[in-house]
Amino acid sequence: MIADDDEKWLAAATSAVKQNAFYMQRAIDSNNLKDALKFSAQMLGELRTSKLSPHKYYELYIRASDELRSLEMFFRDETARGCSIAELYELVQHAGNILPRLYLLCTIGSVYIKSKDVAAKDILKDLVEMCRAVQHPLRGLFLRSYLAQVTRDKLPSIGSELEGDTETHMDALEFVLQNFTEMNKLWVRMQHQGPTREKEKREKERNELRDLVGKNLHILGQLEGVDLVVYRDTVLPRILEQVVNCKDELAQCYLMDCIIQVFPDDFHLQTLDVLLGACPQLQPSVDIKTVLSGLMERLSNYAASSVEALPNFLQVDAFSKLNHAIGKVVEAQVDLPASASVTLYLFLLKFTLHVHSDRLDYVDQGFGIKPSEHGSCVSQLSATGKLCDDKASKQIVAFLSAPLEKFNDVVTILKLTNYPRVMEYLDHDTNKAMAIIIIQSILKNNTRIATADEVDALFELIKGLIKDFDGLTDNDEIDEEDFQEEQNSVARLVHFLYNDDPEEMSKIIFRIRKHILTGGPKRLPLTIPPLVLSALKLIRRMRGGDENPFGDDTSTPQKILQLLTETVEVLSDASASELALRLYLQCAQAANDCELETVAYEFFTKAYLLYEEEISDSKAQVTALRLIIGTLQRMRVFNVENRDILTHKATGYSVKLLKKPDQCRAVYECAHLYWAEEGENLKDGESTIVLCLKRAQKIADAVQKMANASRGASSTGSVSLYVELLNKYLYFLEKGNPQVTGETIQSLAELIRSETKKAESGAGTFITSTLRYMEFQRQQEDGGMSEKYQKIKMEWFE
Amino acid sequence: MVLVLALGDLHVPHRAADLPPKFKSMLVPGKIQHIICTGNLCIKEIHDYLKTICPDLHIVRGEFDEDARYPDTKTLTIGQFKLGLCHGHQVIPWGDLDSLAMLQRQLDVDILVTGHTHQFTAYKHEGGVVINPGSATGACSSINQDVNPSFVLMDIDGLRVVVYVYELIDGEVKVDKIDFKKASTSTSAP
């Protein structure tokens, strides 16, 4: 296998290197220059191999170059001892083969430079030119790498001891640039070696070697004297020239990234034009977005870490340049998929949010991507104008979420005019998901949407949730639970649409209603209740507010209640009758609190009609009737007549309930409707109460009869009715109803006793606790209560 | 020491978006042994949320609850105490102490927990203790518009129950406590 062979050859070469190194070391120790040179040349000969993969060659190279260090030291010692460096320089050139010769030359050359006998720049020039003799890509790369490594600390720089009159950092610069250029050429040449089918393997190997080339840029970055001017005028143009001209995708990608990472951010800012100008000139297959995104990310971080630099961004107009550059790239690369171009704009947006977060106009511009302008590059738009590329969709969601996360304030988002347009590109499901993200941002950040116009803008963004898309009723596809959760999110949202000013709040209510009503029967039962209840809150606030409710047409309680009537009506059409009934009752209570008698009556009428016509389930009827009675009991706004009609109706419903026990209970609850607190208008309340209770008792009697007849039926159940009645009598006794006498209660108590005796299961805890209560009241020190109770003869107390 | 959380009348999403964040951060799973809920959640998401705080959840039906299967009343025994649970819209007049006392006698419980008024109350009468934990979200009711979010935590220890009420007033959580003791011989013997 090739891999095994590779190992074998490496092992062989390594041992040869070790062996020669050993002899070389021995020669060095005995100051034997000739032998040292001989064995070092032999050692370096192993590097002439073509058999090793780049990875293995690297290992060999490391070994060999390591050993060369002691040789370098030896050369230095020799020159210190008086040996002429120029002579040494000549001597090494006698080595038989070119590669060892050049390695030795580089080694001695670095010592030569340090000696300052000759101008450093001359030696450097010499070396960098001579290395041209090795054109084999792999060997050449490592050789030049060695050259760079060994000269690194000897490069002339300003203020260093090496600088002579004629030398400047420009010479060092020139040397590094040239070495870099040659190395890149070699590196690129590797791509074309060997058969096409091994292309992938070669690319992988090239990737392993890339840092050798990149190292040069690092050296450039660290050279003193490379300031902005030098960078702009010499360094960058030269590097870019090589990058563009080499026409190699791998190299271009890596080197662009290298440039961005190695050189300081303010250099990039000031040379933005040049850098960006190179981008369209790169090979079409180069992943431009990674390059540009790397650049934008660095600049964003730069802006974040040094506030003083921010004005520079504006000064060089970084945003426009980047925007323009992206535009050009998208134009030039016709085959760019939608997701790629969106990603570019996403990075620009993130940049803008970091650097120019106060410039909403920039952010808005960033949203102005109009894929349709770039024609075929966004060929993935479906017939409905929506993106059908999943990846692009995901990017657009990230795009739309970025400002949300940055500002944490949906109100700011609402100001971006282009935002809704971008949402249009999303397919149905993604659009809804995005709408949910927006709502969640509001809920999490407690954002208040305080004007009617903002409400409109918001509902425009979330319209995917509010109504069905044109022509599409996807009711079958969507999961029921998901749908409910969605609509509940919209419902929760309503509580954040709020303004303290009643007039503006009124407008808001009207607008919300307008949008919600487009939702269709499935959505309304979930979205109408919060609207109604929010409106009722407003109404109660208005009641407590200023003296002029007629200031604006829309903002009177009546107008709003009228609106609510119409709104709840829609619900009863949508077969949510029980809910509609409850909402009517809520509205009635609000009307009561505003002293609007007619309106309250109207709501009760609607509730009653619903009860009669729509609520047919017995259990539902029981609950609905309870709510009606409970609400009516609290109404204070009705005149005697109206109250009477409504009460009469309620009692009528009570006796028509299906199950007798339910009838009994409903009737005795109606008794409370006749009880007047002080100063109320009730017609003969007191006697009617007793009539009610007696009527209830009759029903209880009927229940008892049935139970007794069918032996063994839960007889404690019907006795319970009697005990409940007893408790109700006690209630009215305590309230001071003169019609409730001790005799009435006594006879009822007797009845209970006889019935419980008949039943097998005994007394039951209800009667026990009631009797205990009665005894307790009797014992009260407060004379009034005990007096009342003493009227009841309780000899039969068990 | 048994901790029982009593809360209700959240009215999510009809009247409130969610529990106050300060309450949510206090209601940590694993600390509470039972939850009794007076109803009007109103949606399943709240039911699920309560279940994460404590799996032993007892709940009765409020008039706006989405789930129609919750019972109208419920009784349970915790330690030495019998507790009764009822939303309260069934008791007429709403919020009337005497009518509530009648329900308490009927259910034969030491502690009656009820809601509907969105007003915290805790008092003792002849038949036992009545507790109304108010509205956990501060939702307004037709009976009471100025509502501070509140809930109750009961610490049941032998014959004694300490009722802690937590109220969110002007953004701060305020706590108050009330002690109740039960006589060792009671009509509601186990």
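The chains referred to below are lettered A, B, ... by the order of the sequence lines, with proteins before strands, and numbering in each begins at 1.
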Side chain, backbone, both or neither: which part of Ile143(B) has an atom under 4.5 Å from a heavy atom of chain A?
both

Heavy-atom distance under 4.5 Å to chain A: side chain of Ala16(B), backbone, both or neither?
backbone

Test side-chain contact (heavy atoms from CB on, under 4.5 Å) applied to Ala671(A) - qualifying residues, sequence neighbours left out
Ile689(A), Cys692(A), Leu693(A), Phe732(A)

To the nearest 0.5 Å, what is the distance between [atom1] on [X] and [atom2] on [Y]?
X	Y	atom1	atom2	result
Glu669(A)	Glu724(A)	CD	CD	8.5 Å
Phe776(A)	Ser769(A)	CZ	OG	13.5 Å
Tyr584(A)	Ser577(A)	OH	OG	10.0 Å

On the six-membered ring of Phe180(B), is Lys182(B) placed so that its NZ or CZ lies under 6.0 angstrom from the centre and within 45° of the ring axis?
no

Out of Thr631(A), Leu730(A), Leu585(A), return the one with the most heavy atom pairs under 4.5 angstrom to chain B.
Thr631(A)

Counting heavy-atom pairs under 4.5 Å with chain B, which one of Val622(A), Leu627(A), Leu443(A) comes out on top?
Leu627(A)

More than 12 foreign heavy atoms under 6.0 Å from NZ of Lys174(B): is that the case here?
yes

Taking atom CG as the centre, does Asp179(B) end up with more than 12 heavy-atom neighbours from other residues, nucleotides or ligands that are less than 6.0 angstrom away?
yes

Does the side chain of Thr137(B) pick up a donor-acceptor pair with the side chain of Asp18(B) at under 3.5 Å?
no

Picking from Pro21(B), Pro93(B), Gly127(B), which has the most non-hydrogen pairs under 4.5 angstrom with chain A?
Pro93(B)

Quick check for you: among Gln104(B), Arg15(B), Gln90(B), which has the greatest number of heavy-atom pairs under 4.5 Å with chain A?
Arg15(B)

With only heavy atoms counted, which part of [X] is less than 4.5 Å from chain B, the side chain, the backbone, both or neither?
X	result
Asp593(A)	side chain
Glu481(A)	side chain
Tyr773(A)	both
Thr623(A)	side chain

Write out, in numerical order, the residues from residues 53-74 of chain B with a heavy atom short of 4.5 Å from a heavy atom in chain A.
Arg61(B), Glu63(B), Phe64(B), Glu66(B)

Within residues 22-46 of chain B, which residues come under 4.5 Å of chain A, heavy atom to heavy atom?
Ile43(B), Lys44(B), Glu45(B)

Quick one: do Gln589(A) and Ser142(B) satisfy side-chain hydrogen bond (donor to acceptor under 3.5 Å, both in side chains)? Show the steps, please.
CA-CA 7 Å; Gln589(A) 288 180 80; Ser142(B) 47; 2.6 Å; yes

Taking salt bridge (charged side-chain N to carboxylate O under 4.0 Å, His left out) as the cut-off, I'd like each qualifying pair that reaches into residues 123-135 of chain B, sequence neighbours left out, listed once.
Arg772(A)-Glu126(B)

Under 4.0 Å between a side-chain nitrogen and a carboxylate oxygen: does that hold for Lys735(A) and Asp98(B)?
yes

Evaluate side chain to side chain contact (heavy atoms under 4.5 Å, CB included) for Cys86(B) paired with Leu103(B), printing each intermediate quantity in order.
CA-CA 9 Å; Cys86(B) 177; Leu103(B) 176 63; 3.8 Å; yes

Any donor and acceptor pair, going by atom type alone, linking the side chain of Glu172(B) with main-chain N or O of Leu168(B) inside 3.5 Å?
no

If we ignore hydrogens and angles and just use 3.5 Å, is the side chain of Thr52(B) paired with the main-chain N or O of Tyr49(B) as donor and acceptor?
yes

